There are 2 protein chains.
Amino acid sequence: MNLSFQDYISIKLHQTDLKLTSYVKAQLQPYNLAPEQNLIMMLLWEKDGMTQNQLAHHLKKDKTNIARMASNLEKKGFIKRNFCTEDRRSLELYLTEEGRELKEQVVPVAEAFNDAVTEGISKEELQELDRLLTKMQNNIEG
Amino acid sequence: MNLSFQDYISIKLHQTDLKLTSYVKAQLQPYNLAPEQNLIMMLLWEKDGMTQNQLAHHLKKDKTNIARMASNLEKKGFIKRNFCTEDRRSLELYLTEEGRELKEQVVPVAEAFNDAVTEGISKEELQELDRLLTKMQNNIEG
DNA sequence: TTCAATTAGTTGCTACATCTACTATCTGAT
DNA sequence: ATCAGATAGTAGATGTAGCAACTAATTGAA
């Protein structure tokens, strides 16, 4: 059948993801937050004191990634990392005052981003999109 | 409204993209091709002798990226880079014999990947998915 | 209780992705 | 003909993404 380049849905998906990521990156730049760093912050704003391991599970990411992003967030002064007393291998992440204050600024940006992306797309269409993405993920499991 | 984490369609999109990319990466590993390197090869299999600049346009990627990936492909022996005679700034990419032979092996892998991803998804659903992705991209233009 | 297996985190490696700044070349207006 | 501005490519920097190999701490079974 000889598919041409544009026919691969995964390529379209990838390009869309890159475009959205680069857009949100620009939106977050003024707050000195990178997109994935922001995801960690969003989880911490909901629940302080999670360990890196827990974050890795929530975000479905490699622990290596989380470690480096957490380290960067600490350097930026948004979080502190303390060794857990019950399990001295684990690092718990706590918001600093600066990190806590960031929430008021960044959450509206995230919601505005979501509104912009989904503009003119109905709830049903979003559900259908979610369903198809889930299906594609399941298709390549195992 | 306070969206929770899973409600952002862009996060789902990102996670799906990562999953697909890591899957295709594993599929291509035996051929010593990374996913994005493979995209360059696919274009060259269609049309030999494109410049890095043309590839960047086709793939909608930064020229820096293309330069580095092309350099890697050259190191692997799949392509040769020759300065264009009409415009000595431009580098034209040509397949080596090894790169040309790779096509027979890799194209079936790419099509099998696409088949796996889209299994159980109808043509209409794929069109709808494509339409929604396009809409999301357009939503954040300008 | 003690030692092997497991677990949390880090370091090093490869591969994107994109920005800025740079070199070399080309083009066009004067 | 010449020089300013545009263009193709490279180098360096930052931020993902995930694998392999490592350390340190914990756990569980003999």
Side-chain angles (χ1 to χ4, degrees), chain A residues 10-11 14-29 31-41 50-76 78 81-93, chain B residues 10-11 13-29 31-41 50-76 81-93:
Chain A
S10 55
I11 293 178
H14 185 58
Q15 287 175 345
T16 307
D17 178 39
L18 287 179
K19 203 157 188 172
L20 297 188
T21 301
S22 99
Y23 180 80
V24 85
K25 182 179 174 186
Q27 299 289 304
L28 290 173
Q29 196 121 10
Y31 308 100
N32 193 21
L33 266 186
E36 301 294 330
Q37 290 168 8
N38 181 45
L39 296 188
I40 293 183
M41 294 302 285
M50 297 178 80
T51 66
Q52 294 190 176
N53 198 42
Q54 289 171 321
L55 282 167
H57 280 293
H58 275 268
L59 293 172
K60 298 174 188 167
K61 280 189 199 309
D62 195 275
K63 57 184 177 165
T64 318
N65 260 316
I66 303 295
R68 274 189 266 257
M69 290 192 281
S71 165
N72 284 336
L73 286 171
E74 191 172 41
K75 275 181 206 146
K76 290 182 183 182
F78 297 147
R81 300 197 289 173
N82 300 328
F83 280 105
C84 181
T85 44
E86 301 100 68
D87 186 340
R88 300 205 319 281
R89 294 170 303 179
S90 294
L91 279 173
E92 293 171 335
L93 309 196
Chain B
S10 56
I11 292 178
L13 194 66
H14 185 58
Q15 287 175 345
T16 306
D17 179 39
L18 287 179
K19 203 158 188 171
L20 297 188
T21 301
S22 101
Y23 180 79
V24 84
K25 182 180 174 185
Q27 299 288 304
L28 290 173
Q29 195 120 13
Y31 308 101
N32 192 22
L33 265 188
E36 301 293 331
Q37 289 167 10
N38 182 44
L39 296 189
I40 292 182
M41 293 303 285
M50 296 178 81
T51 66
Q52 294 189 176
N53 197 43
Q54 288 172 321
L55 281 167
H57 279 292
H58 274 269
L59 294 172
K60 297 172 188 168
K61 281 187 201 305
D62 194 274
K63 57 185 178 165
T64 319
N65 252 318
I66 302 296
R68 276 188 263 258
M69 290 192 281
S71 165
N72 284 337
L73 286 171
E74 190 173 41
K75 277 181 205 145
K76 290 181 182 183
R81 299 198 288 174
N82 300 328
F83 280 105
C84 181
T85 44
E86 301 100 69
D87 185 341
R88 300 206 318 281
R89 295 169 301 178
S90 294
L91 278 173
E92 293 171 336
L93 310 195

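Just so it is clear, the structure is predicted and the values come from calculations on it, not from any experiment. Protein chains get the first letters and strands the later ones, always in sequence-line order, with residue 1 at the start of each.
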Suppose we screen for side chain to side chain contact (heavy atoms under 4.5 Å, CB included). Which residues come up paired with Y31(A), at least two apart in sequence or across chains?
L102(A), Q105(A), V106(A), V109(A)
Scan for salt bridge (Lys or Arg N to Asp or Glu O under 4.0 Å) pairs involving residues 53-72 of chain A, sequence neighbours excluded, and state none if there are none.
E36(A)-K61(A)
Please compare K76(A) and K19(B) by the position of their nearest nucleotide in DNA chain D and report the one closer to 5'.
K76(A)
Taken in chain and number order and not counting sequence neighbours, the residues that satisfy side chain to side chain contact (heavy atoms under 4.5 Å, CB included) with T51(A) are N53(A), Q54(A), S90(A), E92(A)
Under 3.5 Å, which N/O atoms of the protein pair with N/O atoms of nucleotides 12-14 of chain D?
residue	atom	partner	partner atom	Å
dG12(D)	N7	R68(B)	NH1	3.4
dG12(D)	O6	R68(B)	NH2	2.7
dA13(D)	N6	R68(B)	NH2	3.2

Output the rounded distance in Å from NZ (K75(B)) to P (dT10(D)).
11 Å
If you assign each of E36(A) and C84(A) to its closest nucleotide in DNA chain D, which residue comes earlier from the 5' end?
E36(A)
Between I66(A) and A34(B), which has a closest nucleotide on DNA chain C that is more 5'?
I66(A)
Tell me whether the side-chain N/O atoms of H14(A) come closer than 4.0 Å to OP1 or OP2 in dC16(C).
no
Can you tell me the distance, in whole Å, between the CG atom of L18(B) and the P atom of dA17(C)?
11 Å
What is the distance, rounded to the nearest whole Å, between atom CG of N72(A) and atom P of dT16(D)?
7 Å
For R89(B), enumerate each residue passing the salt bridge (Lys or Arg N to Asp or Glu O under 4.0 Å) test, keeping only those at least two apart in sequence or located in another chain.
D87(B)
K61(A) side chain, from C-beta outward: closest of dT18(C), dT26(D), dG18(D)
dG18(D)
Taking all atoms of both residues into account, what is the closest heavy-atom pair of S10(B) and L20(A), and its distance?
CB-CD1, 4.0 Å
How does protein reach along nucleotides 1-9 of chain C, written 5' to 3' as B (base within reach of a heavy atom under 4.0 Å), S (only sugar-phosphate), or - (no contact)?
------BSB
Over how many whole Å does the gap from N32(B) atom CG to dA15(C) atom C1' extend?
12 Å
Can you tell me how far P of dA15(C) sits from CD of Q27(B), to the nearest Å?
18 Å
Could you tell me whether the side chain of L73(A) reaches within less than 4.5 Å of the side chain of L33(A), counting heavy atoms only?
yes
Residues forming a side chain to side chain donor-acceptor pair (under 3.5 Å) with N82(A), sequence neighbours excluded:
none
In whole Å, what is the span from the CG atom of L33(A) to the P atom of dG15(D)?
11 Å
Whole angstrom is fine here: how far is it from CG in L55(B) over to C1' in dA8(D)?
13 Å
Interatomic distance where CD belongs to Q29(B) and P belongs to dC19(D) [whole Å]
10 Å
Counting only side-chain nitrogens and oxygens, does N65(B) get under 4.0 Å of the OP1 or OP2 atom of dC16(C)?
no
With R81(A) via side chain to side chain donor-acceptor pair (under 3.5 Å) - residues at least two apart:
Q52(A), E74(A)
Taking the side chain as every heavy atom from C-beta outward, state whether H14(B) and I11(B) have any atom pair closer than 4.5 Å.
no
